[in-house]
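Right, one structure below, let's go through it.
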Amino acid sequence: MNPDIIWLGIGLLGQALFSMRFLVQWLASERRRRSVVPVAFWYFSLAGGSTLLAYAIYRADPVFIIGQLTGLFIYARNLHLIWREHKARVTETSHASS
């Protein structure tokens, strides 16, 4: 199989994963009747951004690479903040019930 066709498929997969984050966010907001950003949004951002970064590296596109690297940092940071907040809540709950 032609490597360019495989990489095109990887690029399309990355774009599909990245686009899913908007569908997830929209459905969560509709369900709650207010604007929300569910954790799945950040996971789809990370998965799509990582896949698109691999594609950008293959294409040797520095603009695309820089954009994806910047985004990946932001997505990872948001997940870190979410995990940290969750851990603090769990710790607080366990101390309150002791």
Side-chain angles (χ1 to χ4, degrees):
M1 186 168 240
N2 183 344
D4 286 338
I5 298 296
I6 292 170
W7 278 105
L8 179 62
I10 290 170
L12 291 171
L13 173 64
Q15 189 59 52
L17 289 169
F18 200 70
S19 296
M20 279 299 297
R21 68 195 195 130
F22 294 113
L23 180 63
V24 165
Q25 191 274 329
W26 174 55
L27 292 173
S29 294
E30 287 296 328
R31 193 174 316 122
R32 293 190 184 167
R33 298 280 190 224
R34 64 183 180 84
S35 182
V36 296
V37 180
V39 175
F41 177 91
W42 300 112
Y43 282 109
F44 275 111
S45 298
L46 204 57
S50 297
T51 308
L52 287 172
L53 175 61
Y55 180 71
I57 291 169
Y58 171 75
R59 301 286 299 181
D61 184 329
V63 174
F64 198 8
I65 291 168
I66 291 168
Q68 290 306 315
L69 282 173
T70 304
L72 287 173
F73 172 77
I74 294 167
Y75 313 144
R77 179 66 177 150
N78 275 291
L79 282 169
H80 172 75
L81 293 172
I82 290 166
W83 294 331
R84 190 173 71 184
E85 182 180 342
H86 176 73
K87 183 179 176 184
R89 270 196 238 127
V90 168
T91 302
E92 183 180 297
T93 302
S94 67
H95 289 318
S97 63
S98 302

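Val36 and Leu81 end up in different hydrophobic clusters when Ile, Leu, Val, Met, Phe, Trp and Tyr side chains are linked at under 4.5 Å. Val24 and Ile74 fall into different hydrophobic clusters, where Ile, Leu, Val, Met, Phe, Trp and Tyr side chains are chained together by heavy-atom contacts under 4.5 Å. Neither Ile65 nor Leu13 shares a network with the other; the hydrophobic side chains, linked directly or stepwise wherever heavy atoms of I, L, V, M, F, W or Y lie under 4.5 Å apart, form separate groups for each.
A ring-ring contact (aromatic ring centres under 6.0 Å, His included) check over residues 26-69, counting only residues at least two apart or in different chains, returns the pairs Trp7-Tyr58.
Side chains of Ser35 and Gln25 form a contact here, defined as non-hydrogen atoms less than 4.5 Å apart.
Taken from CZ in Arg77 to CD1 in Ile82, the straight-line distance is 11.0 Å, to the nearest 0.5 Å. Between the CG atom of Asn78 and the CZ atom of Phe73 there is a distance of 10.0 Å, given to the nearest 0.5 Å. Here the CG-CZ distance, from Leu52 to Arg59, works out to 12.5 Å after rounding to the nearest 0.5 Å.
Residue Leu17 comes nearest to Gly48 through the heavy atom pair CB-CA, 3.7 Å, listed as atom of the first residue, atom of the second, then distance. The nearest pair of heavy atoms linking Leu79 to Val39 is CD2-CG1, 4.0 Å. Nearest heavy-atom pair across Leu46 and Ala76 is CD1-N, 4.1 Å. Contact detail for Leu72 and Leu53: the closest heavy-atom pair is CD1-CD2, 3.6 Å. Contact between Thr70 and Ile66 at its shortest, heavy atoms only, is OG1-O, 2.8 Å.
Judged by the 6.0 Å and 45° rule, Arg21 forms a cation-pi pair with Phe18.
Within 6.0 Å of NE2 in His80 there are more than 12 heavy atoms belonging to other residues, nucleotides or ligands.
In this structure a side-chain-to-backbone donor-acceptor pair under 3.5 Å is missing from Ser50 to Ala47.
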